[in-house]
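Proteins get letters first, then strands, A, B, ... in listed order; numbering begins at 1 in each.
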Number of protein chains: 2
Amino acid sequence: MFDKFLKHISEYILLTEEEITFAKNHFPIKSYTKNEVFFHEGNIAKRIYFVIEGCVRLFYSVDGDEKTAYFYTEGKFFCANESLAKNTPARENFQALENTTVMLFPKTPDEALFKKFPNFEVLERLALVDELITSNRIIESFVSKSPEERYIELIKTNKALFQRVHQQYIASYLGISPQSLSRIRKRLSQSSN
Amino acid sequence: MFDKFLKHISEYILLTEEEITFAKNHFPIKSYTKNEVFFHEGNIAKRIYFVIEGCVRLFYSVDGDEKTAYFYTEGKFFCANESLAKNTPARENFQALENTTVMLFPKTPDEALFKKFPNFEVLERLALVDELITSNRIIESFVSKSPEERYIELIKTNKALFQRVHQQYIASYLGISPQSLSRIRKRLSQSSN
DNA sequence: AATGGTTATTAACTTAAGTTAATAGAAGTG
DNA sequence: CACTTCTATTAACTTAAGTTAATAACCATT
């Protein structure tokens, strides 16, 4: 499993032998079972997660409803950012949608660690920027596209997601009800025939 | 104007005398006139902006329409993040909605600068995290609230914005048409009387 | 293979947003 | 101050999403 981690992390940065050894000895690997909600709102985030294998859903609870904000798959970092930064209770919930294995990175900024292994600081910054870019794209999509257009965009950019994730979650991620997504799909399948 | 910068920046971090002097000598201050679009899509971002005074609108051009994604006011950092990180043409446009003064921070990560003045690195990370938290809140709002609820939320969290920004831009920021925002306002004013 | 439980689809109806256009109101300019 | 221009509101109509409920399709378990 650690080898898979190395493979994914090489997409971000080339770690030194020392850094790899340190990660192996100090960054825990954890596994969650399908559908397990392993981080609950109200808790204070202490760690940054990295998906080695599987798929994680970020959702908010609103009036007993779950509203999906994002999906994280292999090679992605995630955490309850605001909670981590401000030491406040998180509003986020994280759920494994498949049997999922993650690596836990230390809470940042960890200046002592960064001084010893500067690549971890670079890595963390890359992860932050990556997440920010993704978030900005989602916002762009919400302000500039209709639900139908967002659905079409998602198929284009991440068709694989539909093979892994329930449609109700995708509907929520698009900001609409499952019924509306069903209608959109019907509309599109009819207009293309 | 530099004093105003120091006042705002103190909300983030305490800079050393050396860092303050360096900023004064190396980080340019620029002013834009009301309505000026000072950064256009298609350009490649080279700088991080910091608002010293005024208000900046981030918008995307879609089929000749302008879609507002965010407003930046005093004390906020902004830039075309993806363009800056990947050296690709930006999709963002930035427009001063008032006469606006900004400070230009160097493109990051600037490892040489960070080594000499570590606080700039910390500052940049704080700015990134701040922007990410804001983005995540906006996404939470889009997936979990109706336009009307987003409008009510915005009044609660940032009423001052309504004194500074045209309603059409706020409508776009909420993901709806100006006419819809007008209707929402009417609905709410009637139901509260 | 049969069962029970979950997920997706469909339908009928309600509500609200999009669109086009006209009007009223506010702000900026000479 | 008058004029022009831009912005916000209103109206009428269209389109699509929300909602509730029923049904169909799919999965998991035994």
Q: Using five base pairs at each end, measure the axis-to-axis angle across the helix from C/dA1-D/dT30 to C/dG30-D/dC1 and round it to 10 degrees.
A: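 It comes to 60° between the two terminal axes.
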[X] [atom1] to [N] [atom2]: how many Å, rounded?
X: B/Y169; N: D/dC6; atom1: OH; atom2: P; value: 11 Å
X: A/L181; N: C/dT9; atom1: CG; atom2: C1'; value: 11 Å
X: A/R185; N: C/dT7; atom1: CZ; atom2: C1'; value: 12 Å
X: A/L188; N: C/dA8; atom1: CG; atom2: P; value: 17 Å
X: A/E66; N: C/dT6; atom1: CD; atom2: P; value: 13 Å

Is there a side-chain polar atom (N or O) of B/Q168 under 4.0 Å from OP1 or OP2 of D/dT7?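 It does, given that an N or O in the side chain of B/Q168 lies less than 4.0 Å from OP1 or OP2 of D/dT7.
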With clusters built from Ile, Leu, Val, Met, Phe, Trp and Tyr whose side-chain heavy atoms come within less than 4.5 Å, directly or transitively, what are the remaining members of the cluster of B/F59, listed by chain and number?
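When side chains under 4.5 Å apart are linked, the cluster holding B/F59 also contains B/V37.
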- Item | Qualifying salt bridge (charged side-chain N to carboxylate O under 4.0 Å, His left out) pairs with a residue from residues 152-180 of chain A, counting only residues at least two apart or across chains |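 Qualifying pairs, neighbours excluded: A/E74-A/R164, A/E98-A/R164, A/K145-A/E153.
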Using a 3.5 Å cut-off and no angle test, enumerate the donor-acceptor pairs between side-chain atoms of residues 22-31 of chain B and protein atoms at least two apart in sequence or in another chain.
| residue | atom | partner | partner atom | Å |
| --- | --- | --- | --- | --- |
| B/N25 | ND2 | B/T21 | O | 3.3 |
| B/H26 | ND1 | B/F22 | O | 3.2 |
| B/S31 | OG | B/T101 | OG1 | 3.1 |

- Taking only residues two or more places apart in sequence or in another chain, which ones pass salt bridge (Lys or Arg N to Asp or Glu O under 4.0 Å) with B/E36?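 For B/E36, no residue satisfies salt bridge (Lys or Arg N to Asp or Glu O under 4.0 Å) once neighbours in sequence are set aside.
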message = Once you measure the plane-to-plane angle for B/F105 and B/F5, does it fall in the parallel (<30°), tilted (30-60°) or perpendicular (>60°) bin?
response =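 Tilted.
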- Task: Please state whether the rings of A/Y12 and A/F77 are parallel, tilted or perpendicular, taking 30° and 60° as the class boundaries.
- Result: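 Perpendicular.
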query: Considering only C/dT9, D/dA8, C/dT10, which nucleotide approaches the side chain of A/K186 most closely?
result: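 Closest nucleotide to the A/K186 side chain: C/dT10.
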For nucleotides 14-30 of chain C, 5' to 3', base contacts (B), sugar-phosphate-only contacts (S) and non-contacts (-) with protein non-hydrogen atoms under 4.0 Å give --SBBBBB------S--
Worksheet entry | NZ or CZ of A/R57 within 45° of A/Y70 ring axis and under 6.0 Å |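 Judged by the rule, A/R57 and A/Y70 form no cation-pi pair.
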When you check the gap from the basic side-chain N to the acidic O, do B/E18 and B/K116 get nearer than 4.0 Å?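 No, this pair does not count.
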